[in-house]
Amino acid sequence: MARTARIALVTGANKGIGFEVTRQLAREGFRVFLGARNEEAGRAAAEKLSHEGRKLDHGEVTFLQIDIANPESIEQAANEFGKQCDRLDVLVNNAGIALPDDNDILSITPGTFAATLRTNTLGA
């Protein structure tokens with residue numbers, strides 16, 4: 001029986017930890033969906049990793065637009081993912097937001113705090 005590629009989705013993957021997790025999964029032969037809310041940044045990150053992968057014969061990296069704070073975006077991403085794959089082997093919920101001016105949590109508004117908490121806990 002032929003082994004099929006394992007499939008992963010990493011949210012918040014256009015930079016930082018999510019980008020590196022995506023890179024490492026691709027190096028291990030995964031087909032990785034690089035999730036990002038910013039289409040331009042996400043496509044650029046996926047292209048960079050795809051270019052690396054072609055040179056080194058790594059797994060495929062595909063951009064998937066997803067904003068974990070937006071239920072419509074999540075539904076659209078799920079539908080797009082479902083058109084391309086019939087399963088998901090690994091999910092890395094990396095996406096999150098930082099408080100504006102996060103050096104002083106005592107001075108932020110309750111609304112900003114609630115939006116940040118909602119995104120970082122319920123979004124994932």
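For this chain, numbers begin at 1 and follow the sequence in order.
Residues Gly12 and Ala95 share a closest heavy-atom pair of N-CB, 3.6 Å. In this structure, Ala5 and Gly29 approach most closely via the heavy-atom pair CB-O, 4.1 Å. Heavy atoms only, all atoms of each residue included: Ala26 and Val32 are closest at N-CG2, 3.7 Å.
Shown here is Ile17, whose CD1 atom has no more than 12 heavy atoms of other residues, nucleotides or ligands within 6.0 Å.
Note that the CG atom of Asn93 and the CD1 atom of Ile68 stand 7.0 Å from one another [nearest 0.5 Å]. Considering CD1 of Ile97 and CZ of Arg118, their distance stands at 8.5 Å, rounded to 0.5 Å. The CZ atom of Phe33 sits 6.5 Å away from the CD1 atom of Ile7 when rounded to the nearest 0.5 Å. In this structure, the separation between CD on Glu39 and CG on Leu64 is 11.0 Å, given to the nearest 0.5 Å.
Residues Phe30 and Val90 meet the side-chain proximity criterion, which asks for heavy atoms closer than 4.5 Å. Contact of the Asn70 side chain with the Glu75 side chain is not registered, since no non-hydrogen atoms from C-beta on lie closer than 4.5 Å. Taking the side chain as every heavy atom from C-beta outward, Val10 and Leu34 never approach each other to under 4.5 Å. Using a 4.5 Å cut-off on side-chain heavy atoms (C-beta onward), Thr22 and Leu49 make contact. Between Glu52 and Arg23 there is a side-chain heavy-atom pair separated by less than 4.5 Å.
One N or O on the side chain of Ser50 and one on the backbone of Val61 form a donor-acceptor pair closer than 3.5 Å. The backbone N or O of Gly42 sits nowhere less than 3.5 Å from a side-chain atom of Arg37 that would complete a donor-acceptor pair. Within the 3.5 Å criterion, the main-chain N or O of Ala8 finds no donor-acceptor partner in the side chain of Asp89. A distance-only check finds a donor-acceptor pair linking the side chain of Thr11 to the backbone of Asn94 [under 3.5 Å]. No donor-acceptor pair under 3.5 Å is formed between the side chain of Glu60 and the backbone N or O of Arg31.
For the residue pair Gln24/Glu20, the side-chain donor-acceptor check at 3.5 Å is satisfied. Side chain to side chain, Thr109 and Thr112 meet the donor-acceptor criterion of an N or O pair below 3.5 Å. Side-chain N/O atoms of Gln84 and Glu80 include a donor and acceptor closer than 3.5 Å.
Annotation: cation-pi geometry not satisfied between Arg43 and Phe63 (NZ/CZ under 6.0 angstrom from ring centroid, within 45° of ring axis).
At a threshold of 4.5 Å between side-chain heavy atoms, the hydrophobic network of Ile, Leu, Val, Met, Phe, Trp and Tyr places Phe81 and Leu91 in one connected group.
Partners of Thr121 according to the side chain to side chain donor-acceptor pair (under 3.5 Å) rule, which considers only residues two or more places apart in sequence or in another chain, do not exist here.
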